Structure formats: C-alpha cells, structure tokens
Amino acid sequence: MTTMVMERIGRLFISLQQIRQVPRMLTEAAPSMPSTVRDTEVPCHFREQCVYTGYRPLHQNWRYYFLSLFQCHNETINIWTHLLGFLVILVKFCQLAETVDFVTDHHSWPLFMLLTSSLIYTSCSTAAHLLGSKSELSHYVFYSVDYIGVALYQYGSAVAHFYYSIEGSWHSYVQDIFMPTAAVLSCLSCFGCCYGKYCNCTSSMWVRKVHQVVPATLAYAWDISPVFHRFLSWSASSTDPAISFHFGQVALFLSSAFFFTSHVVERCFPGRCDFVGQSHQVFHVLLICCTLAQIHATHLDYLGRMTVYSGLHRSGDAALFVGLYVITAVVCTSIAVFIFRKVKRVLDCKAKSK
C-alpha cells in the first residue's frame with residue numbers, strides 16, 4: 001500500500017515538473033513575432049478603409065501566420081469571432097444530433113445542410129482572415145475559399161427556408177424553380193466575389209464591393225422570400241414559436257449587411273478602430289447571431305411544421321436538394337479555380353515587370 005502511494009506521489013511530482021516546463025516550451029516554439037506594420041507597407045488591396053495600422057507583414061513563414069491567432073493585429077477579432085462561432089455551431093450540431101436522425105429521416109437533411117453550411121462558412125472565414133496575409137496569391141486563394149463557403153451557406157439557407165418555412169400558397173408558385181434558382185444565385189454570388197477580388201488587382205476597392213453586394217443581395221432576397229411570405233400571412237393571435245426567431249434572423253442579417261457595406265464605425269473614428277471596433281468585426285458578430293437564430297428557427301419549424309412540409313414536398317425532394325448542393329459546391333469551386341488562374345497571370349506579369 002505504501003509503495004503504491006509513493007509511486008502515485010512520484011508520478012504527480014513528475015507531472016508538475018512537466019507542467020512547469022510548458023511556458024519555456026511555448027517560448028521556444030513561438031519566438032518573438034514580427035511587429036505589425038502600417039497600411040503603406042502592404043499592397044493596396046490588403047488595406048481596409050480607415051484602418052491604418054495593425055497589418056501583418058507579408059512573406060513570413062506559415063508558422064507566423066498560424067501563431068498570429070494569439071497576436072494582437074487588426075484581424076485578430078475577425079478570426080476569433082468566426083472561430084468561436086464555429087465552435088458554438090458545432091456544439092449546437094452535436095446537441096441536435098442526439099435527438100434528430102440525420103441519417104434515415106430524409107426530412108432532416110435540409111436542416112443538416114444548413115448546419116453543415118454554417119460550419120463551412122465560419123471555418124473558411126476563419127482561415128481567410130488568419131492565413132490570407134501571407135502573400136498576394138495566398139490572399140486570393142483563402143478568400144476564394146471563403147467565398148465558396150458563403151455561397152454554400154446561401155444555398156443551405158435557401159433549402160432550409162424552402163423546405164420547412166414556406167407556406168403552401170408561395171410553394172405552389174415557385175416549387176419547380178426555387179431551388180435551381182437558389183443554386184444559380186449562389187454560384188453567381190461566388191463568381192461576383194471572386195471576380196471582385198480579381199478586379200482588386202487592377203481596380204479600386206468600390207469595384208469589389210459592387211461585385212460582392214449585388215449578387216449577394218439578389219441571392220438573399222430570393223432565399224428569404226419564403227420567410228417574408230410567411231410574415232405576411234402571420235397574425236398576432238397565432239402561436240408560432242419559430243416566427244420570432246425568423247424575425248430575429250432577418251433583423252440581424254440586415255444589420256450585419258449595413259455594417260459590411262457602410263464601414264460606418266471606422267469612417268466616424270478613422271484610425272481609432274484599427275484593432276477593436278471595425279465595422280467588419282461588428283458584421284461578424286451579427287452574422288453569427290443571425291445564423292444561430294436561423295438554426296433555432298429552422299429546428300422549431302422541423303419539429304412543429306411536419307404536417308405542412310411533408311405534404312408539400314415529394315419523398316425524393318430532400319435527396320434531390322442534396323445532389324444540387326453537391327453540384328453547387330463543384331461549380332463554385334470551378335469558378336474559384338478559373339478566376340485563380342486569371343489572378344495568377346496578373347501577379348506573374350507584375351512580378352516580371354519589376
């Protein structure tokens with residue numbers, strides 16, 4: 001007995017000694033990080049409006065950009081907002097998986113696509129903000145992946161709204177065209193964002209915004225139409241637990257779009273929001289809240305409107321929408337690769353001219 005106790009004490013002592021070595025190990029693994037630089041020291045299309053400092057220098061090794069997750073720079077909050085959002089959505093996904101049969105219940109597949117798309121766009125956004133500062137080519141590659149994630153989230157939102165939230169009267173008008181149109185608009189949004197990034201090599205920043213905002217606005221207007229139609233048919237006396245969350249997701253999305261397009265905070269306080277308070281940071285927080293409200297509303301519709309959506313959709317519709325989701329992902333990836341080649345040619349020409 002005494003021997004066992006002494007062995008355990010010895011193991012505990014060794015463990016404590018190892019723990020004490022952790023700070024030294026971290027210091028050796030992560031030597032002093034290069035300091036951030038001003039906007040004049042990075043390419044023009046890396047700069048954010050009215051953000052003057054806190055940019056990470058280009059052409060460092062990959063370890064620097066991964067470890068910059070823990071460095072204070074002007075992308076730190078953008079990284080952490082979507083990284084934490086990814087973790088929250090993942091926890092929500094695991095919770096729902098305990099009660100929802102995502103394998104055999106085909107009615108649950110649109111909810112599965114929404115959850116998967118939410119995880120994809122938050123992880124792609126995190127990677128873009130974390131690693132997109134290594135070089136001009138890396139900047140395009142990672143933000144193209146981000147745009148693919150956004151397009152898939154648009155499609156996931158569309159299928160969830162069309163499958164669970166739609167009313168019969170609106171369904172009768174759009175049943176044959178809604179999801180194909182949503183897929184086309186998602187691909188158009190991906191193309192607009194990727195092409196806008198390509199135009200950044202030769203044009204000003206407002207060109208990128210036009211290419212991003214116009215297709216995304218069309219996609220959102222179409223994707224949210226089943227929810228808006230439901231708002232019109234809703235009465236205050238009805239007991240619909242999901243409707244308030246649908247109102248919430250619409251309000252949060254419109255608010256996030258305002259901050260994304262206006263840059264109102266840094267315009268009002270130029271140079272004071274370089275690290276904290278940028279409009280894009282506010283946009284990230286509002287978008288995560290919008291996604292969580294949307295997921296909750298969709299889950300409530302999945303539970304409470306089964307008699308409605310099971311009568312509207314054919315037995316093979318869910319599988320068809322999954323196939324269309326895969327096709328959308330393939331097309332968006334092809335678009336990104338096509339524009340990538342154009343960007344690479346431009347960058348190669350710039351390198352040769354120096």
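Note that this is a predicted model, so its numbers are computed, not measured.
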Ignoring hydrogens and geometry, is there a side-chain-to-backbone donor-acceptor pair from [X] to [Y] under 3.5 Å?
X      : Y      : result
Ser117 : Leu152 : yes
Thr76  : Phe70  : no
Ser144 : Cys194 : no
Lys134 : Leu58  : no
Ser135 : Ser138 : yes
Thr81  : Val285 : no

Hey, are the side chains of [X] and [Y] touching, using non-hydrogen atoms and a 4.5 Å cut-off?
X      : Y      : value
Thr122 : Thr291 : no
Leu131 : Phe66  : yes
Ile166 : His229 : no
Gln278 : Val51  : yes
Leu137 : Phe340 : yes
Gln154 : Ser189 : yes
Cys44  : Arg47  : yes
Tyr52  : Asp274 : yes

Which heavy atom in [X] sits nearest to a heavy atom in [Y], and how many Å separate them?
X      : Y      : answer
Gly156 : Val159 : O-CG1, 3.2 Å
Glu48  : Tyr55  : N-OH, 2.9 Å
Ser157 : Gln294 : OG-NE2, 3.0 Å
Phe253 : Cys290 : CB-SG, 3.7 Å
Trp80  : Leu69  : NE1-O, 2.8 Å
Pro57  : Tyr64  : CD-OH, 3.3 Å

Between [X] and [Y], does the ring centre distance come in under 6.0 Å?
X      : Y      : result
Phe178 : Phe321 : no
His129 : Tyr143 : yes
Phe191 : His211 : no

Q. Does CZ belonging to Phe283 count more than 12 external heavy atoms closer than 6.0 Å?
A. yes
Q) Should Ser68 and Gln60 be marked as a side-chain contact (heavy atoms from CB on, under 4.5 Å) after you check the CA-CA gap, both sets of side-chain angles, and the distance that decides it? A) CA-CA 11 Å; Ser68 70; Gln60 306 298 309; over 6 Å; no
Q: Kindly indicate whether a cation-pi arrangement holds for Lys342 with Tyr198, taking the cut-offs as under 6.0 Å to the six-membered ring centre and within 45° of the axis.
A: yes
Q | Plane angle bin for Tyr155 and Tyr325 - parallel if under 30°, tilted between 30 and 60°, otherwise perpendicular | A |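 Tilted.
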Q: Specify whether His139 and Phe46 have parallel, tilted or perpendicular ring planes, treating 30° as the upper limit for parallel and 60° as the lower limit for perpendicular.
A: parallel
Linking I/L/V/M/F/W/Y whenever any side-chain heavy atoms sit under 4.5 Å apart, do [X] and [Y] land together?
X      : Y      : value
Phe162 : Tyr309 : yes
Leu218 : Val150 : no
Leu324 : Tyr121 : yes
Ile77  : Tyr65  : no
Ile120 : Val337 : no

Q. Which residues pass the side-chain hydrogen bond (donor to acceptor under 3.5 Å, both in side chains) test with Arg230, sequence neighbours left out?
A. Asp240, Asp301
Q. Looking at residues at least two apart in the chain, or sitting in another chain, which of them share a side-chain hydrogen bond (donor to acceptor under 3.5 Å, both in side chains) with His106?
A. none
Q: Could you go through the side chain to side chain donor-acceptor pair (under 3.5 Å) check for His107 and Tyr163 one step at a time?
A: CA-CA 9 Å; His107 287 307; Tyr163 203 90; 2.7 Å; yes
Rounded to the nearest 0.5 Å, what's the gap from [atom1] on [X] to [atom2] on [Y]? Could you check?
X      : Y      : atom1 : atom2 : answer
Leu115 : Ile295 : CG    : CD1   : 5.0 Å
Thr36  : Arg38  : OG1   : CZ    : 10.0 Å
Tyr147 : Cys124 : OH    : SG    : 12.5 Å
Ser133 : Asn74  : OG    : CG    : 7.5 Å
Leu83  : Asn78  : CG    : CG    : 12.5 Å
Leu130 : Phe142 : CG    : CZ    : 8.5 Å

(Q) Does Val88 form a side-chain contact (heavy atoms from CB on, under 4.5 Å) with Ile288? I'd like the steps, not just the answer. (A) CA-CA 9 Å; Val88 172; Ile288 288 295; 5.9 Å; no
Q. What salt bridge (charged side-chain N to carboxylate O under 4.0 Å, His left out) pairs are there with at least one residue in residues 317-332, not counting sequence neighbours?
A. Arg314-Asp317
Q: Under the ring-ring contact (aromatic ring centres under 6.0 Å, His included) rule, what do Phe112 and Tyr302 come out as? Steps first, then yes or no, please.
A: CA-CA 11 Å; Phe112 179 84; Tyr302 164 75; over 10 Å; no
Q | Sidechain N-carboxylate O distance under 4.0 Å for Asp348, Lys352 | A | no
**Q.** Candidate pair Arg305 and Glu167, rule side-chain contact (heavy atoms from CB on, under 4.5 Å), full reasoning
**A.** CA-CA 10 Å; Arg305 288 171 55 88; Glu167 296 287 348; 3.7 Å; yes
Q) Do Gln249 and His296 meet the criterion of a side-chain donor-acceptor pair at a distance under 3.5 Å? A) no
Q: Give the intermediate values and the outcome of side chain to side chain donor-acceptor pair (under 3.5 Å) for residues Glu136 and His45.
A: CA-CA 9 Å; Glu136 292 184 81; His45 50 276; 3.3 Å; yes
Q: Dump the intermediate steps for side-chain contact (heavy atoms from CB on, under 4.5 Å) on Cys190 and Ile148, then the final yes or no.
A: CA-CA 6 Å; Cys190 181; Ile148 294 171; 4.1 Å; yes
